[in-house]
Amino acid sequence: MPVLKNVISSKQRIKRFITGTPEMIRQTEEIYRAVLGFYLNVIHDNLDKLPEWNRNSGTRALEKLTVRTEPRTNRKTGEKFGGNPNPPYPIDTVWPKFPAYLRRAIIAKAIGMAQSWYSNYRRWLRKKERMQARNERRVAEGKKPIPFDEHPPKYPTAGNVGMTFYKGDFKNLSLKTNTIQLKVWDGYDWRFITVEVEPTSHSRKLHLDDSWEMTVPSIYEKEGLFCLVTAFEKKSNVIKFADYYLSKNPKVLAVDLNLGRRNRAVCALVGKGGTVHKVRHISLAACNTTDVHRLLGLIARDVSGLGIVPKGHRPCKRLWRKVRAVNDNYAHHLSKQLVDLAVEWGARVIVFENLKRFRPDRDKHGSARMRRRIGYWLHRRVIKHTAYKAKVRGILVALIPPKDTSNRCSLCGSLDTSRDGNVLKCRNCSIVHNSHINAAINTGTAWFVREEKRLRQKTA
Ligand SMILES: [Zn+2]
């Protein structure tokens, strides 16, 4: 069975503040956004053509619509021919003598933004149609229609977009030096200036070895401060789920996350047919979360006196930020351990349970309710961090629906079980499980069941 290789790329960004007075950068950004906004408007006027455009054909079409070029003269007859003397949307009106390389970069960005919006918009339209069809059925059955109140995605604007510098617009980009040369508008002309940036922290550089390739830099503004963002890319090979399922001895690392008062993850290495090869508990003593619960208590105390909080107002901002920082740190440590374990055990897929949409408990209040909210947030965070860390090492993350994973007996598949804390008893085969290990094994088998189902659908 040939294993198809699927190359994917991972990205890392290093953000450094620009020191000194970036007045010229501010001016350039203004021009950049004005031109980007102009092109977004031109695309909006010609939306019917957008689906056919790619980066090259779109650039050609947009240049035809905006760039004025003088016609050439036939030397013999003196007749004028060619050129584009009267474009419908002349770019000269926005900015005279705009450099061509920058214009092309902006056009590419505008096309990308518009196309990403367009695909979201089409998704929204399809969803709306589905809902309408469903409502017609409901009305025919004598039921109330469900209102569709989702807003369509907004067409993009140039408002908060960062500037990307392509080849030729920048020189001497390196993490070792604290300067970079960028081509900017100095008030009179486009020229290179030297921009000073803060040094890269050692810890950020640690994650970048030679296998990471540096790509183009960009600059973005946040609350009046400018940052230079250096992006790195790395290509890695992963096996698609379907191919891995068909490979010789597929094994998945199934994880049961228990994120509550005491955070723990139980991992099981599950093979085809539900074989359990290995089990391991991961509890991170260094990332004690009791601190978080003390903070949540403080927040609960502060919020309880406020009554109904007006929309858009976020009380306890600083405390929440602290909670998030502690939890994020935990999610980073845990996800690293999970990926290391997958590598050690030779699993090419890590399986998690996907959580249902969060519904706050009606019967719980104060910090208990917030703990559940935080648990949900942390769960998603661990999955997100694991996914990108795994990708770099050629491992994929799978999410399976959380149906009966904690109630089903992993040995006989019976749902006739009773759970008491960490103990799960099966009434069918009268075995006693550790409920977390049982849930992890079920999560792993669920992946194999799903892939088998998909395979059958494909071959049927
Ligand atoms: Zn059983």
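Ligands are counted one by one from 1 in listed order, and the atoms in each one are counted from 1 as well. Predicted, not measured: the structure shown is a model, and the values here were computed from it.
Distances under 2.8 Å from the Zn ion (ligand 1) pick out the protein N/O/S atoms Cys409 SG, Cys412 SG, Cys426 SG, Cys429 SG.
Side chain of Arg16 to backbone of Val197: no donor-acceptor contact under 3.5 angstrom is found. Side chain of Tyr155 to main chain of Leu40: a donor-acceptor pair is present (N/O by atom type, distance under 3.5 Å, no hydrogens or angles).
Side-chain atoms of Ser410 and Asn442 include no donor-acceptor pair closer than 3.5 Å. Counted by atom type alone, Thr164 and Lys109 present one or more donor-acceptor pairs between their side chains at under 3.5 Å.
Screening Ile107, Val35, Asp169 against Leu102 for a side chain to side chain contact (heavy atoms under 4.5 Å, CB included) leaves a single residue, Asp169.
Ring orientation note: the planes of Phe448 and Tyr245 are tilted relative to one another, at an angle of 30° to 60°.
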